[in-house]
Amino acid sequence: MSVTSDEVLIADSQYRPSEDEEFMNPRQLEYFKQKLLNWKEDILKESRETLTHLQSETENHPDIADRASSETDRALELRTRDRQRKLIAKIDEAIRRIEDGSYGYCEETGEPIGVARLDARPIATLSLEAQERHERRERVHRDD
């Protein structure tokens with residue numbers, strides 16, 4: 001009987017990628033794919049809860065202060081959801097990179113991003129060094 005990488009990952013839920021293994025081996029790729037899919041599902045679940053909350057919160061507030069507070073809360077919720085919508089697009093892009101074999105490699109240099117960085121930020125597209133260069137350039141241009 002053969003065992004798929006999904007079954008291995010499920011059987012070993014304590015698995016954490018390590019710098020000692022071959023970079024982006026099938027087990028690591030599956031680990032990051034599951035991490036991304038779980039993250040996306042959590043965001044979608046939160047979005048559904050927000051939508052339900054916003055739909056139930058359509059009451060008219062007779063007090064102006066209550067109405068203003070409610071509108072501020074609603075605007076904040078919607079901004080948060082917009083940020084999460086953009087995050088979902090980045091998660092989908094990371095999953096696409098896993099499928100095409102480019103996941104885990106810096107867009108700028110082609111070098112491995114590093115397992116620890118990917119574990120902390122699985123949508124990362126730049127190595128730490130490339131990200132730092134990018135942020136320094138942004139600061140310089142912002143100060144102009």
Step-by-step side chain to side chain contact (heavy atoms under 4.5 Å, CB included) determination, Lys86 to Arg83: CA-CA 5 Å; Lys86 292 173 183 169; Arg83 277 195 300 276; 5.7 Å; no

Stepwise, does the side chain to side chain contact (heavy atoms under 4.5 Å, CB included) test hold for Leu87 with Ile91? CA-CA 6 Å; Leu87 182 55; Ile91 291 170; 4.2 Å; yes

Compile the donor-acceptor pairs under 3.5 Å between side chains in residues 117-131 and protein atoms, sequence neighbours left out, one pair per line.
unit_1: Arg117; atom_1: NE; unit_2: Leu126; atom_2: O; d: 2.9
unit_1: Arg117; atom_1: NH2; unit_2: Leu126; atom_2: O; d: 3.3
unit_1: Asp119; atom_1: OD1; unit_2: Tyr31; atom_2: OH; d: 2.6
unit_1: Asp119; atom_1: OD1; unit_2: Lys35; atom_2: NZ; d: 2.9
unit_1: Ser127; atom_1: OG; unit_2: Ala130; atom_2: N; d: 3.2
unit_1: Gln131; atom_1: NE2; unit_2: Glu135; atom_2: OE2; d: 3.0

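In this structure, Leu29 CG and Glu99 CD are separated by 10.5 Å, a value rounded to the nearest 0.5 Å. Taking CD1 from Ile95 and CD1 from Ile88, the interatomic distance works out to 10.0 Å, rounded to the nearest 0.5 Å. Here Glu71 contributes atom CD and Arg74 contributes atom CZ; the two are 6.0 Å apart, rounded to the nearest 0.5 Å. Rounded to the nearest 0.5 angstrom, Ser102 OG and Glu93 CD are separated by 7.5 Å. Of the inter-residue distances, the one linking Arg85 atom CZ with Thr80 atom OG1 reads 13.0 Å to the nearest 0.5 angstrom. Note that CD of Glu77 and CD of Glu46 are 9.0 Å apart. Values are rounded to the nearest 0.5 Å.
Residue Arg48 comes nearest to Glu41 through the heavy atom pair NH2-OE2, 2.9 Å, listed as atom of the first residue, atom of the second, then distance.
No donor-acceptor pair under 3.5 Å is formed between the side chain of Glu111 and the backbone N or O of Cys106. Not one N or O on the side chain of Ser69 forms a donor-acceptor pair closer than 3.5 Å with the backbone of Ala65.
Exactly one of Lys33, Gln34, Gln28, Arg27 qualifies for a side chain to side chain donor-acceptor pair (under 3.5 Å) with Glu30. That residue is Gln34.
Residues meeting the side-chain hydrogen bond (donor to acceptor under 3.5 Å, both in side chains) test with Glu132, sequence neighbours left out: none.
Note on residues 74-120: pairs passing ring pair (Phe, Tyr, Trp, His ring centres under 6.0 Å), not counting sequence neighbours, are Phe23-Tyr105, Phe32-Tyr103.
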